[in-house]
Amino acid sequence: MRLPAEWEPQGFIQLTWPHPDTEWYDLPHVLDCYVNVAKAITRYEPLLIVCRDIAECKADMAARAFDPTPLPIRFVECPLNDTWARDHGAISVWGDCGEKCIEDFVFNGWGLKFGAWLDNQITRRMYQAQAWADQVRYIDMRPFVLEGGSIDTDGAGTLMATSECLCSVNRNEQLSREEIEAKLKAAFGLQRILWLDHGSIAGDDTDSHVDILARFCSADTIAYTSCDDPSDENYTSLKAMEKQLQTFRTPDGQPYKLVPLPLPDALYLDDYRLPASYANFLILNGAVLIPGANGPKDQIARERLQAIFPDRKVEVIDCRALLSGHGGLHCITMNYPAGW
């Protein structure tokens with residue numbers, strides 16, 4: 001098996017559409033954001049929308065003057081609890097002979113924190129509805145628990161993940177870290193795993209998903225969330241993560257090019273700090289979308305990512321509404337390879 005990098009050619013992006021029974025604090029503004037994200041994605045590649053009811057989804061779009069008809073958008077109906085496609089979505093891998101495979105892991109609501117009995121069935125239902133090409137092979141990875149936001153890869157045999165998440169209670173605590181590592185290597189054809197033992201952002205309830213902390217941007221480049229304000233509650237943890245990233249080496253023994261992304265200015269829902277992060281960006285064919293926080297640091301993050309991705313257009317989308325659900329842009333999307 002080979003787990004591809006996100007910057008490799010993509011076939012389409014999945015969104016899972018919110019409805020009134022999903023756990024969103026401010027659904028109208030969340031739907032505004034989803035429509036803006038959908039518009040941005042379809043400028044670069046096709047979109048597949050998983051939704052409870054197609055008519056309901058299209059009505060949400062019509063209310064926001066968005067007509068999906070002329071765009072490369074497909075719909076699949078599924079019962080769903082929530083809308084975090086990165087975590088309940090299928091994970092795409094290439095087989096030894098170029099086979100297209102989707103791996104379906106257990107999704108249990110980030111360690112049984114939230115109900116996920118319907119979301120845990122979405123990948124199987126999508127396969128049954130032929131959401132992918134006919135030749136895609138379905139691989140049931142149960143009972144292993146894994147969310148897509150908890151892993152990141154260079155596409156060449158290296159995976160980055162946090163030990164806090166993958167080794168946490170109510171996921172795979174019956175397994176040792178060595179056993180978890182062996183399962184990941186077998187599932188994704190890996191040569192090695194870079195374990196981040198530090199790094200957290202206040203308000204995050206995923207147990208430190210790596211996609212809000214550090215991301216591969218190429219085989220030798222990692223962008224990461226940085227905090228330079230000692231008074232910030234995230235400072236100590238993120239500085240420890242930065243020091244550990246400095247010890248990581250590429251497969252040929254060279255230090256990675258590390259690109260710091262500023263921690264967005266603190267945003268709150270009542271007195272609860274929200275887990276904003278520019279590292280939660282989405283790579284598309286020809287573009288990179290950044291979850292904006294409507295602050296001056298948006299532009300700093302955009303400029304730094306544009307320097308990393310000179311051949312792609314880097315755009316900022318206001319994603320503050322998504323933070324009310326404790327997630328971001330990368331969290332609500334899942335990418336699938338070209339030809340799928």
Heavy-atom neighbours of [X] [atom1] exceed 12 at 6.0 Å:
X      : atom1 : answer
Arg137 : CZ    : no
His29  : NE2   : no
Lys113 : NZ    : yes
Lys297 : NZ    : yes

- Message: Show, in sequence, the C-alpha distance, side-chain angles and deciding distance for Ile139 and Met1, and conclude whether the side chain to side chain contact (heavy atoms under 4.5 Å, CB included) test is met.
- Response: CA-CA 12 Å; Ile139 303 176; Met1 299 294 181; 3.4 Å; yes
Heavy-atom side-chain contact between [X] and [Y] under 4.5 Å:
X      : Y      : answer
Tyr224 : Pro260 : yes
Leu196 : Phe248 : yes
Val37  : Tyr34  : no
Thr250 : Tyr256 : yes
Asp21  : Arg52  : yes
Glu147 : Cys165 : yes
Leu269 : Tyr25  : yes
Trp132 : Ile102 : yes

- Could you please spell out the steps behind the side chain to side chain contact (heavy atoms under 4.5 Å, CB included) verdict for Glu179 and Gln174? CA-CA 9 Å; Glu179 289 170 325; Gln174 75 277 12; over 6 Å; no
Minimum heavy-atom distance between [X] and [Y], given as atom pair plus value:
X      : Y      : answer
Gly148 : Met334 : CA-CE, 4.4 Å
Ala202 : Asn234 : N-OD1, 2.7 Å
Gly292 : Asp298 : CA-OD2, 3.6 Å
Pro68  : Ile73  : CB-CD1, 3.7 Å
Leu305 : Ile290 : CD1-CD1, 3.6 Å
Asp207 : Ser168 : OD2-OG, 4.0 Å

Under 3.5 Å, is there a donor-acceptor pair between the side chain of [X] and the main chain of [Y]?
X      : Y      : value
Gln244 : Asp197 : yes
Ser92  : Tyr336 : no
Asp229 : Ser231 : yes
Thr123 : Ala90  : yes
Tyr278 : Thr225 : no
Glu45  : Asn285 : yes
Glu23  : Gly325 : no
Gln306 : Arg312 : yes
Thr153 : Thr158 : yes
Arg142 : Asp104 : no

- For the pair Leu166 and Leu146, evaluate side chain to side chain contact (heavy atoms under 4.5 Å, CB included) and give the outcome as yes or no after the intermediate values. CA-CA 7 Å; Leu166 292 189; Leu146 184 75; 3.6 Å; yes
For [X] and [Y], test the side chains for any donor-to-acceptor distance below 3.5 angstrom and give the result as yes or no.
X      : Y      : result
Gln299 : Glu303 : yes
Asn335 : Arg86  : yes
Asp87  : Trp110 : yes

- Stepwise, does the side chain to side chain contact (heavy atoms under 4.5 Å, CB included) test hold for Phe144 with Leu184? CA-CA 10 Å; Phe144 195 74; Leu184 293 171; 4.1 Å; yes
- Charged N to carboxylate O under 4.0 angstrom, Arg320 versus Asp26?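 No, Arg320 and Asp26 are not salt-bridged.
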- Is any NZ, NE, NH1 or NH2 atom of the basic residue among Glu181 and Arg177 found under 4.0 Å from an Asp or Glu carboxylate oxygen of the other?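 No, Glu181 and Arg177 are not salt-bridged.
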Give every donor-acceptor pair under 3.5 Å between a side-chain atom in residues 210-219 and any protein atom, sequence neighbours left out.
from	atom 1	to	atom 2	distance (Å)
Asp211	OD2	Asn280	ND2	3.4
Asp211	OD2	His330	ND1	2.8
Arg215	NE	Asp152	OD1	3.3
Arg215	NH1	Ala279	O	2.8
Arg215	NH1	Phe281	O	2.7
Arg215	NH2	Glu6	OE1	3.3
Arg215	NH2	Glu6	OE2	3.4
Arg215	NH2	Phe281	O	3.4
Arg215	NH2	His330	NE2	3.3
Ser218	OG	Asp220	N	3.4
Ser218	OG	Asp220	OD1	2.8
Ser218	OG	Thr221	N	3.3
Ser218	OG	Thr221	OG1	3.0

- Any idea how Trp84 and Trp24 line up, ring-wise: parallel (<30°), tilted (30 to 60°), or perpendicular (>60°)?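 Plane angle between 30° and 60°, so tilted.
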- Message: Which residues pass the salt bridge (charged side-chain N to carboxylate O under 4.0 Å, His left out) test with Lys313, not counting sequence neighbours?
- Response: none
